[in-house]
A.B. asks: 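Got a structure for you, written out below as structure tokens; questions coming shortly.
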Amino acid sequence: MVHCRLGWSEQRMVRAPDHRLDGMPVSSCGLRRLELSVAEPESSVDFFAGVLGWTVIAEPGGSFTGWVGDRLAAQVVAGEEGWRLFFGGDEPRALMANSSVDSGRVLHGPWAPPPRHGEPCWVELLTSAPDEDGAYWKRELGWDAAEGQPGLGLYTSARHGDPRPVAGTMNSCLGAESNWSVYFAVDDIQAACARVSELDGEVSFGPGPLPIGMIASIEGPHGGYCQLLEKPVAWGGNWSG
């Protein structure tokens with residue numbers, strides 16, 4: 001069911017700007033919001049609502065938001081950029097790899113409540129230059145790089161105490177442009193994949209086990225390639241423990 005309203009209220013997201021210390025950014029503790037830019041936003045949000053159980057609200061200007069309870073899962077807008085990630089941070093600005101910083105309360109991350117069915121539960125940077133990219137995210141978001149498994153790595157944040165995994169990395173082909181991959185939590189990955197097929201989407205991988213947990217790679221009929229992760233106990237699934 002699609003609901004309508006006059007504007008996207010920010011009342012659920014109280015702004016609490018960070019401050020820089022000695023010229024370095026305060027470590028970003030996670031994801032503030034997601035935006036999916038596709039040619040057919042209404043059809044795309046209907047697809048993801050069917051798979052992820054979102055409550056959909058029609059916004060002014062032809063965009064749509066998908067909600068899980070009182071938390072925003074994603075906004076779907078007209079365009080061709082795919083997923084854009086907005087990390088919580090000290091000042092709004094554009095970043096590399098189709099991402100940005102947006103000041104305000106982080107909704108999804110290692111210190112947020114555990115992800116529910118349909119909510120973002122992890123982000124992973126595909127990179128051909130892990131050392132160079134690691135230095136970039138350290139400079140921009142205050143993250144530290146940590147070892148994961150061969151070909152995999154982690155970025156950690158110590159924003160609220162001991163370091164916790166805030167994002168992952170995966171090595172890609174040499175020279176490939178860095179880009180972010182988005183994960184959504186599902187209660188039953190087999191059922192979710194069956195629903196993807198029913199709605200004319202594509203399951204390009206899985207379901208199958210990976211270090212993070214049981215995942216599948218999917219895409220809607222109008223775009224929005226992403227990953228599904230079954231029953232993550234916390235942000236990052238198995239990486240959280």
Side-chain angles (χ1 to χ4, degrees), residues 1-13 30-87 97-100 102 104-109 112-113 115-124 179-206 215-230 232 235:
M1 178 182 295
V2 176
H3 303 273
C4 297
R5 62 180 172 188
L6 294 178
W8 177 20
S9 172
E10 290 289 335
Q11 294 177 359
R12 295 184 177 91
M13 306 171 200
L31 189 68
R32 175 150 160 72
R33 60 189 178 92
L34 287 172
E35 183 178 280
L36 176 61
S37 172
V38 287
E40 299 286 343
E42 185 170 5
S43 298
S44 292
V45 79
D46 285 346
F47 169 80
F48 282 102
V51 174
L52 300 175
W54 293 347
T55 297
V56 175
I57 295 177
E59 305 288 352
S63 68
F64 300 86
T65 49
W67 298 80
V68 177
D70 63 349
R71 285 203 294 246
L72 176 67
Q75 184 172 22
V76 184
V77 303
E80 300 178 349
E81 293 184 355
W83 293 105
R84 173 170 286 277
L85 284 62
F86 293 83
F87 296 106
N98 212 32
S99 62
S100 299
D102 191 7
R105 183 164 64 91
V106 166
L107 298 179
H108 313 286
R116 298 169 291 187
H117 177 89
E119 290 187 318
C121 62
W122 191 237
V123 293
E124 185 175 70
N179 63 90
W180 286 103
S181 181
V182 177
Y183 288 69
F184 290 95
V186 293
D187 292 335
D188 184 332
I189 202 163
Q190 294 284 356
C193 287
R195 188 66 175 143
V196 168
S197 298
E198 290 172 5
L199 296 174
D200 297 325
E202 179 183 0
V203 180
S204 57
F205 171 83
I215 81 156
S217 301
I218 71 162
E219 187 168 9
H222 302 286
Y225 177 84
C226 63
Q227 321 296 328
L228 306 180
L229 178 61
E230 186 174 60
W235 177 259

A.B. asks: Enter the distance from Leu85:CG to Leu31:CG here, rounded to the nearest 0.5 Å.
C.D. replies: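 The CG atom of Leu31 is 5.5 Å from CG of Leu85, to the nearest 0.5 Å.
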A.B. asks: Which is it for Ile218 and Leu228 under the side-chain contact (heavy atoms from CB on, under 4.5 Å) test, yes or no, and what are the steps along the way?
C.D. replies: CA-CA 7 Å; Ile218 71 162; Leu228 306 180; 3.9 Å; yes
A.B. asks: Could you walk me through whether Val76 and Phe48 satisfy the side-chain contact (heavy atoms from CB on, under 4.5 Å) test, starting with their C-alpha distance in whole Å, then the side-chain angles of each, then the deciding distance to 0.1 Å, before giving a yes or no?
C.D. replies: CA-CA 10 Å; Val76 184; Phe48 282 102; 5.8 Å; no
A.B. asks: Let me confirm one number: the CD-CD1 distance from Glu230 to Ile215, rounded to the nearest 0.5 Å.
C.D. replies: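 Answer rounded to 0.5 Å: 11.5 Å.
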A.B. asks: Measure from NZ or CZ of Arg33 to the centre of the six-membered ring of Phe86 and say whether it is under 6.0 Å with the direction within 45° of the ring axis.
C.D. replies: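 Judged by the rule, Arg33 and Phe86 form a cation-pi pair.
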A.B. asks: Using the ring-ring contact (aromatic ring centres under 6.0 Å, His included) rule, pick out the option among Phe184, Trp180, Tyr183 that qualifies with Trp83.
C.D. replies: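 In the set Phe184, Trp180, Tyr183, the residue that makes a ring-ring contact (aromatic ring centres under 6.0 Å, His included) with Trp83 is Phe184.
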A.B. asks: Using every non-hydrogen atom in the two residues, find where Trp54 and Gly118 come nearest and quote the distance to one decimal.
C.D. replies: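 That would be NE1-O, 2.8 Å.
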A.B. asks: Looking at every non-hydrogen atom in both residues, tell me the closest pair between Ala73 and Pro120 and how far apart they are.
C.D. replies: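 Minimum heavy-atom separation between Ala73 and Pro120: O-CG, 3.5 Å.
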A.B. asks: Roughly how far, to the nearest 0.5 Å, is the CZ atom of Arg71 from the CG atom of Leu107?
C.D. replies: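 Rounded to the nearest 0.5 Å, the CG-CZ separation comes out at 7.5 Å.
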A.B. asks: Would you say His222's side chain and Glu40's backbone share a donor-acceptor pair under 3.5 angstrom?
C.D. replies: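 It does not hold such a pair.
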A.B. asks: Over all heavy atoms of both residues, which pair between Ser204 and Tyr225 is shortest? Give the atoms and the distance, please.
C.D. replies: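 Heavy-atom minimum between the residues: OG-CE1, 3.6 Å.
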A.B. asks: Please confirm whether the backbone N or O of Leu72 pairs with a side-chain atom of His108, one donor and one acceptor, at under 3.5 Å?
C.D. replies: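 Yes; judged by distance alone, with no hydrogens or angles, the pair exists.
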A.B. asks: Calculate, to the nearest 0.5 Å, the distance between atoms CG and CD belonging to Leu34 and Glu119 respectively.
C.D. replies: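 Between atom CG of Leu34 and atom CD of Glu119 there are 11.0 Å.
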A.B. asks: In this structure, are over 12 heavy atoms from other groups packed under 6.0 Å from Glu198 atom CD?
C.D. replies: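 Buried by this count: over 12 neighbours within 6.0 Å.
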A.B. asks: Over all heavy atoms of both residues, which pair between Ala192 and Val186 is shortest? Give the atoms and the distance, please.
C.D. replies: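 The pair with the smallest heavy-atom distance is CB-CG1, 4.0 Å.
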A.B. asks: Could I get the full list of side chain to side chain donor-acceptor pair (under 3.5 Å) partners for Ser181, not counting sequence neighbours?
C.D. replies: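 Expected list: Gln227.
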A.B. asks: Are any of the side-chain heavy atoms of Phe87 and Val123 separated by less than 4.5 Å?
C.D. replies: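 Touching, per the 4.5 Å side-chain cut-off.
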A.B. asks: Grab the two heavy atoms, one from Arg116 and one from Val68, that are nearest each other, plus how far apart they are.
C.D. replies: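 The pair with the smallest heavy-atom distance is NH2-O, 2.9 Å.
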A.B. asks: Could you walk me through whether Asn98 and Asn179 pass the side-chain contact (heavy atoms from CB on, under 4.5 Å) check?
C.D. replies: CA-CA 7 Å; Asn98 212 32; Asn179 63 90; over 6 Å; no
A.B. asks: Start with the C-alpha gap between Val77 and Glu35, add the side-chain angles, then the distance that decides, and say whether side-chain contact (heavy atoms from CB on, under 4.5 Å) holds.
C.D. replies: CA-CA 7 Å; Val77 303; Glu35 183 178 280; 3.9 Å; yes
A.B. asks: I'd like to know if the side chain of Ser37 reaches the main chain of Glu80, judged simply by a donor and an acceptor atom lying under 3.5 Å from each other, with no hydrogens or angles considered.
C.D. replies: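 The answer is yes, because a donor-acceptor pair under 3.5 Å joins these two groups.
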A.B. asks: Are Glu59 and Thr65 close enough that a side-chain donor and a side-chain acceptor fall under 3.5 Å?
C.D. replies: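 Yes, Thr65 and Glu59 have a side-chain donor paired with an acceptor closer than 3.5 Å.
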A.B. asks: Rounded to the nearest 0.5 Å, what's the gap from CG on Asp46 to CG on Leu199? Could you check?
C.D. replies: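 That separation rounds to 9.5 Å.
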A.B. asks: Mind checking whether Asp200 and Phe47 have side chains closer than 4.5 Å, heavy atoms only?
C.D. replies: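 A side-chain contact under 4.5 Å is absent here.
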A.B. asks: Tell me yes or no: between the side chains of Arg84 and Ser100, is some donor less than 3.5 Å from an acceptor?
C.D. replies: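 A donor-acceptor contact under 3.5 Å links the two side chains.
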A.B. asks: Any idea which heavy atoms bring Val38 and Ser44 closest together, and the distance?
C.D. replies: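 Scanning both residues, the minimum pair turns out to be CG2-OG, 3.3 Å.
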